[in-house]
There are 2 protein chains.
Amino acid sequence: MRTRDENKESAIREKAMQMIVDEGFDGLSMQKLAKAAGVSPATIYIYYKNREDLLNQLFNYVQQTFHEVALEGFNPNLSFEEGLWIQWKNRLKFILKYPIHFQFYEQFRNSPCINHSDINLAHFKENMKLFVMNAIKKGEMKKMEPEIFWSVAYGTLYSMVKFHLQQISMMGNTFKLTEPKMRTAFDMVIKALKP
Amino acid sequence: MRTRDENKESAIREKAMQMIVDEGFDGLSMQKLAKAAGVSPATIYIYYKNREDLLNQLFNYVQQTFHEVALEGFNPNLSFEEGLWIQWKNRLKFILKYPIHFQFYEQFRNSPCINHSDINLAHFKENMKLFVMNAIKKGEMKKMEPEIFWSVAYGTLYSMVKFHLQQISMMGNTFKLTEPKMRTAFDMVIKALKP
DNA sequence: AATATAAATGAATGTTCATTCACTTACAAA
DNA sequence: TTTGTAAGTGAATGAACATTCATTTATATT
C-alpha cells in the first residue's frame with residue numbers, strides 16, 4: 001500500500017493555522033487551504049473528517065504541545081516563585097517560537113461552538129493543583145479560589161503577550177516583550193499573591 | 001419621505017452580535033441575520049455598506065459605549081486606588097448587563113483583518129494617561145511601561161470575567177464573579193502596583 | 001514481477017453565500 | 001391632497017462553499 005506523506009499532513013496543519021491567523025475563521029475554506037498546502041481538497045478529508053474536525057484537532061494539537069512545554073523543567077515541589085517563573089519562561093518561549101500556533105489557539109479559545117476538550121490537560125491540571133496546594137501550605141501564597149489565582153498569575157502574562165503579538169500600542173510606540181520586562185511583571189505578580 | 005424604523009436598526013445590531021457570540025464569525029450570514037431580525041436582506045444594506053462595514057460598526061459601537069461606562073464617576077485626580085476600583089466596578093457592571101456585547105467585543109479583538117479604529121478612545125486614553133502619571137507622581141504606583149501597567153491592572157480582571165462568562169471551570173465547579181471576589185483580586189493588584 | 005491496498009487526485013454536486021435591483025410603501029413637506 | 005424622497009422589499013445572480021466519488025498512483029508484501 002501507498003505510504004502517507006508526512007509533509008502533506010503538516011503542510012495542511014500549518015497552512016490552516018496561518019490562514020486562520022491571517023484572515024480569521026471565515027477566511028479558512030477547504031479549497032483555499034488545499035491550494036495553499038499544495039494538495040487536493042479531497043486529501044484533507046483523508047486526514048480530517050470535516051472542517052469542524054480539522055479545527056478541533058488543530059486546537060487539541062496546539063493545546064497539548066503548549067501545556068507540555070509549560071511543564072518543562074517543572075515539578076510541583078519547587079518553590080512557588082521558582083515554579084511559577086519556569087512556567088512563565090516556558091510559555092513565553094513557546095509563544096515566541098510558534099506565534100502562529102499561539103494566536104490560532106487564542107482565537108479559538110475566544111470563539112464559540114467549540115469542543116473544549118480537557119482530556120489532554122489532566123496531567124497538567126494535576127501538577128498545578130499540587131503546586132498551588134503546596135504553595136499555600138508552605139505559606140508562599142495566600143489561600144484563594146483557583147480561578148482567582150489563575151487570573152492573577154497568568155492573566156497579566158497573557159495580556160502582555162497580546163500587546164507584543166498584536167502590535168497594539170498603548171501610547172504610540174509598540175511594545176516588545178523581553179525577559180527583563182517579564183521579570184518586572186512577574187515580581188509584581190508574586191508580591192500580589194504572597195500572604 | 002419615509003422615516004427610519006429605529007427598531008429595525010437595533011434588531012439588526014443585537015441579532016448580529018447574538019449570532020456571532022452563539023455561532024462565531026462564520027455563523028453570521030446576511031440572509032440568516034435578515035431573517036432573525038425580521039427584515040429583508042436588502043434592508044441591512046441601507047444601514048451598512050457591506051458585511052465588513054457591519055462588523056466594524058458593531059465593534060466601534062460596543063467599544064465606545066464600553067469605554068464611556070468605564071469612565072462613569074471617574075476623574076484622573078481621584079486617588080489611584082479609588083479611581084482604579086471605580087473602573088473595575090464600571091467594567092463589571094457593563095459586562096454583566098451586556099454580556100453578548102462584551103463577548104462579541106472580545107471575539108472581535110482576538111480576530112485578525114480588523115479595523116482597530118482608536119478614534120473613539122482618544123478621550124479615554126487621555127484620562128488614563130493623566131491618571132497614571134498622577135499616581136506615579138504621588139507615589140501610589142511604581143513607574144512602569146503603560147502596557148505592563150495595563151496588563152497587571154486589567155489582565156487579571158479580564159481573565160476572571162472570561163471564567164465567569166464562558167463557564168470554564170478550573171477544578172470542576174463553575175466560577176461566579178461577585179463583587180467580594182473582585183475586591184479580593186483588586187487588593188492583590190493594588191499591592192502589586194504599589195512602589 | 002504481480003498484487004493488494006491505502007493515499008491521493010480533480011472534477012462534479014448541490015448548497016449557501018454576499019450583494020443587487022426593479023419595485024413598493026410610508027410619510028414630511030408642499 | 002398631491003408629491004418627492006428615502007425606507008424597505010423579495011426575488012434573482014453569480015461566486016464560493018463543503019463534501020463526495022470514480023479513478024489513478026505509489027509502495028509494502030507476496
Side-chain angles (χ1 to χ4, degrees), chain A residues 1-61 104 107-108 111-115 117, chain B residues 1-61 104 107-108 111-115 117:
Chain A
M1 69 157 182
R2 192 170 173 177
T3 47
R4 269 200 188 199
D5 188 339
E6 299 288 340
N7 296 333
K8 279 192 210 307
E9 186 164 7
S10 72
I12 293 169
R13 198 191 324 120
E14 300 303 317
K15 292 287 179 186
M17 287 197 266
Q18 184 78 61
M19 284 175 72
I20 288 166
V21 169
D22 288 345
E23 306 174 53
F25 280 105
D26 37 356
L28 178 84
S29 92
M30 301 305 262
Q31 337 217 34
K32 282 199 296 181
L33 172 57
K35 184 162 279 181
V39 134
S40 157
T43 304
I44 301 173
Y45 290 85
I46 294 170
Y47 295 93
Y48 305 98
K49 223 180 78 206
N50 50 38
R51 196 185 116 106
E52 195 190 330
D53 180 51
L54 163 66
L55 292 172
N56 283 322
Q57 281 201 44
L58 289 181
F59 177 73
N60 286 330
Y61 168 79
F104 161 76
Q107 212 176 126
F108 200 93
S111 75
C113 65
I114 286 318
N115 151 291
S117 142
Chain B
M1 68 161 181
R2 191 167 173 180
T3 45
R4 271 201 187 199
D5 188 339
E6 301 286 341
N7 296 334
K8 281 194 209 304
E9 186 163 9
S10 72
I12 293 168
R13 199 192 322 120
E14 300 303 318
K15 291 288 179 185
M17 287 196 268
Q18 184 77 62
M19 286 175 71
I20 288 167
V21 169
D22 288 345
E23 308 175 49
F25 279 106
D26 35 356
L28 177 84
S29 92
M30 301 304 261
Q31 335 217 37
K32 284 199 294 181
L33 172 57
K35 183 162 281 181
V39 135
S40 157
T43 303
I44 301 173
Y45 290 85
I46 295 169
Y47 295 92
Y48 306 98
K49 224 180 78 205
N50 51 37
R51 197 184 116 106
E52 194 191 330
D53 180 51
L54 164 65
L55 292 172
N56 283 322
Q57 281 201 44
L58 289 181
F59 177 73
N60 286 331
Y61 169 78
F104 160 76
Q107 212 175 128
F108 200 92
S111 75
C113 63
I114 286 318
N115 151 293
S117 140

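A note on names: the letters A, B, ... follow the listed sequences, proteins ahead of strands, and every chain is numbered from 1.
Boundaries of the chain B contact region on DNA chain D are D:dG4 to D:dG10, first to last in 5' to 3' order (nucleotide atom under 4.0 Å from a heavy atom). Along DNA chain C, the stretch of nucleotides lying under 4.0 Å from any heavy atom of chain A spans, 5' to 3', C:dA4 to C:dG10.
Taking 4.5 Å as the limit, every side-chain heavy atom of B:Phe108 sits out of range of all side-chain heavy atoms of B:Leu58.
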Just the dot-bracket of DNA chain D, please: which string comes out with Watson-Crick or G-U pairs under 3.5 Å, [ ] for crossing, | for another strand?
||||||||||||||||||||||||||||||

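The stretch residues 11-20 of chain A does not touch DNA chain C, since none of its heavy atoms comes less than 4.0 Å from the strand. Of the residues in residues 41-48 of chain B, B:Ala42, B:Thr43, B:Ile46, B:Tyr47 come within less than 4.0 Å of DNA chain D through at least one heavy atom, sorted by number.
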Could you list the donor-acceptor pairs under 3.5 angstrom formed between side-chain atoms of residues 33-47 of chain B and any protein atom two or more places apart in sequence or on another chain?
{"residue": "B:Ser40", "atom": "OG", "partner": "B:Ala42", "partner atom": "N", "Å": "3.1"}
{"residue": "B:Thr43", "atom": "OG1", "partner": "B:Ser40", "partner atom": "O", "Å": "3.4"}

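To the nearest 0.5 Å, the span separating CG on A:Asp22 from CE on A:Met17 amounts to 12.5 Å. From A:Leu54, atom CG reaches atom CG of A:Leu28 across 6.5 Å, with rounding to the nearest 0.5 Å. Considering CD of B:Glu23 and OG of A:Ser111, their distance stands at 12.5 Å, rounded to 0.5 Å.
Looking at every heavy atom in both residues, B:Tyr48 comes nearest to B:Ile12 through CE1-CG2, 3.9 Å. Nearest approach of B:Met30 to B:Asn50, heavy atoms of both residues: CE-C, 4.3 Å.
Judged as a side-chain hydrogen bond (donor to acceptor under 3.5 Å, both in side chains), and not counting sequence neighbours, A:Glu9 has no contacts. Residues satisfying the salt bridge (charged side-chain N to carboxylate O under 4.0 Å, His left out) criterion with B:Arg51, sequence neighbours excluded, are A:Asp26. Looking at residues two or more places apart in sequence or on another chain, you find a side-chain hydrogen bond (donor to acceptor under 3.5 Å, both in side chains) between B:Gln57 and B:Asp53. With sequence neighbours left out, the side-chain contact (heavy atoms from CB on, under 4.5 Å) criterion links B:Gln31 to B:Ser29. For A:Gln107, there are no side-chain hydrogen bond (donor to acceptor under 3.5 Å, both in side chains) partners, not counting sequence neighbours.
Residue B:Asn50 is the one, among B:Thr3 and B:Asn50, whose nearest nucleotide of DNA chain C lies closer to the 5' end (criterion: closest heavy atom). Nearest-nucleotide assignment on DNA chain D puts the 5′-proximal partner with A:Gln31, out of A:Lys49 and A:Gln31.
Looking at heavy-atom distances under 4.0 Å, A:Leu54 makes no contact with the nucleic acid at all.
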